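Data block below; observations after.
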Amino acid sequence: MRLLAEPDGAAGGMDPSERLLLAALELLAERGYRGATTKEIARRVGVNEVTLFRRFGSKEALLRAALSRFIPAGFLERLPAEEAPLEEGLRQLLEAYLDLLKAHQALLPKLLAELLRHPGLRGAGPPKGILGVLERVVGFFRAQQRKGLLRSDEPPEEMALAFVGPLMARFLLGEALGVRLPLDKAAYLRGYLEGRYGAGRGGQSELR
């Protein structure tokens, strides 16, 4: 699974700028901010540092650009559409996040740690790629509320966080402590929906 979303209008293989972005992201996770030197980033791509600085200006600008594009390829397409049925959409969302965490179990904790140590890498707000994911996920929950399938007295942002947050926490704690807890997907979905159905759903679950 590729780590960077395709830029608008992109086609074919990665050009040197794309390879620099990917190498910067990989080295940030592998060696941290200090270890991700411009010399090593350029060496990994097979270009000289002059090319790096000509295209991005500085190491921090390069890393910010890489983080802004950090969406593993294909992940957005796996998120449920707003018109998806409630239970089906939640299953899609669960599977998409579980596969993402499994595919990048070594990379994600290190990237998050570096963002906490160096908040300037985020820029003025959340990285653009991550923001796009959040908007899609929140949009799904907002649409379910509009259809009356989920309670409307809980903000859709809180509903999204309540669904995704425990998955992320479970993953990060597991990585930190070396603990692997089996996840009963059906039970997770039932537990999430308990007390959250809207009047339009009648409080009845199709989950088994």
Side-chain angles (χ1 to χ4, degrees), residues 1-79 93 95-139 164-165 167-178 180:
M1 187 181 286
R2 284 190 57 197
L3 298 175
L4 301 176
E6 294 285 353
D8 293 340
M14 289 189 291
D15 69 10
S17 292
E18 291 290 298
R19 298 201 304 273
L20 285 166
L21 290 169
L22 181 58
L25 198 61
E26 291 173 342
L27 282 164
L28 179 64
E30 292 171 14
R31 305 184 185 182
Y33 182 80
R34 292 179 182 276
T37 64
T38 54
K39 181 178 180 180
E40 183 58 26
I41 293 169
R43 187 199 66 77
R44 180 167 292 196
V45 173
V47 300
N48 58 46
E49 284 184 276
V50 173
T51 299
L52 185 155
F53 288 117
R54 184 183 301 124
R55 290 173 181 251
F56 294 98
S58 68
K59 180 175 93 168
E60 185 166 302
L62 169 61
L63 290 170
R64 277 202 304 268
L67 287 165
S68 76
R69 291 263 309 285
F70 176 56
I71 310 177
F75 182 65
L76 278 176
E77 289 75 14
R78 294 196 60 190
L79 297 178
L93 188 58
E95 293 291 349
Y97 269 94
L98 289 177
D99 288 348
L100 172 70
L101 296 174
K102 181 179 180 181
H104 300 293
Q105 55 187 336
L107 176 73
L108 291 174
K110 294 174 182 177
L111 282 180
L112 290 173
E114 288 305 308
L115 282 170
L116 289 172
R117 291 190 191 101
H118 304 282
L121 294 177
R122 295 194 304 267
K128 182 179 178 181
I130 301 301
L131 187 60
V133 171
L134 293 175
E135 289 174 348
R136 281 284 303 275
V137 173
V138 171
V164 175
L167 297 175
M168 296 296 293
R170 182 189 190 94
F171 166 75
L172 292 172
L173 285 173
E175 286 297 306
L177 303 176
R180 293 291 182 272

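This structure is a prediction, so every number in the text was calculated from the model and none was measured. Along the sequence shown, the residues carry numbers beginning at 1.
- Contact between Glu114 and Tyr33 at its shortest, heavy atoms only, is OE1-N, 2.9 Å.
- Sorted by first then second residue, the ring pair (Phe, Tyr, Trp, His ring centres under 6.0 Å) pairs that include residues 34-61, not counting sequence neighbours, number zero.
- To the nearest 0.5 Å, atom CG of residue Leu62 and atom CG of residue Leu28 are 10.0 Å apart.
- Between Phe70 and Ile130, the shortest heavy-atom distance links the atoms O-CD1, 3.7 Å.
- The pair Glu40-Lys59 does not meet the salt-bridge criterion, since no charged nitrogen lies less than 4.0 angstrom from a carboxylate oxygen.
- We find the CZ-CG distance between Arg78 and Leu100 to be 9.0 Å, quoted to the nearest 0.5 Å.
- Between Glu60 and Arg64 there is a salt bridge, with a side-chain nitrogen of the basic residue lying less than 4.0 Å from a carboxylate oxygen of the acidic one.
- Considering every non-hydrogen atom in both Ala42 and Glu49, the closest pair reads CB-N, 3.9 Å.
- The nearest pair of heavy atoms linking Ser17 to Arg55 is OG-NH1, 2.7 Å.
- Atom CG of Leu63 is separated from atom CG of Leu21 by 9.5 Å, given to the nearest 0.5 angstrom.
- Closest approach of Thr38 to Leu52, counting heavy atoms only: O-CD1, 3.8 Å.
- Rounded to the nearest 0.5 angstrom, Leu111 CG and Glu30 CD are separated by 10.0 Å.
- Arg19 pairs by the side chain to side chain donor-acceptor pair (under 3.5 Å) definition with nothing, not counting sequence neighbours.
- Across all non-hydrogen atoms, the minimal contact from Ala61 to Ser58 is N-OG, 3.1 Å.
- To the nearest 0.5 angstrom, Glu95 atom CD is 10.5 Å from Leu93 atom CG.
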Original post:
After noting the C-alpha distance and the side-chain angles of Arg69 and Glu18, does the key distance pass the side-chain contact (heavy atoms from CB on, under 4.5 Å) rule?
Top reply: CA-CA 10 Å; Arg69 291 263 309 285; Glu18 291 290 298; 2.7 Å; yes
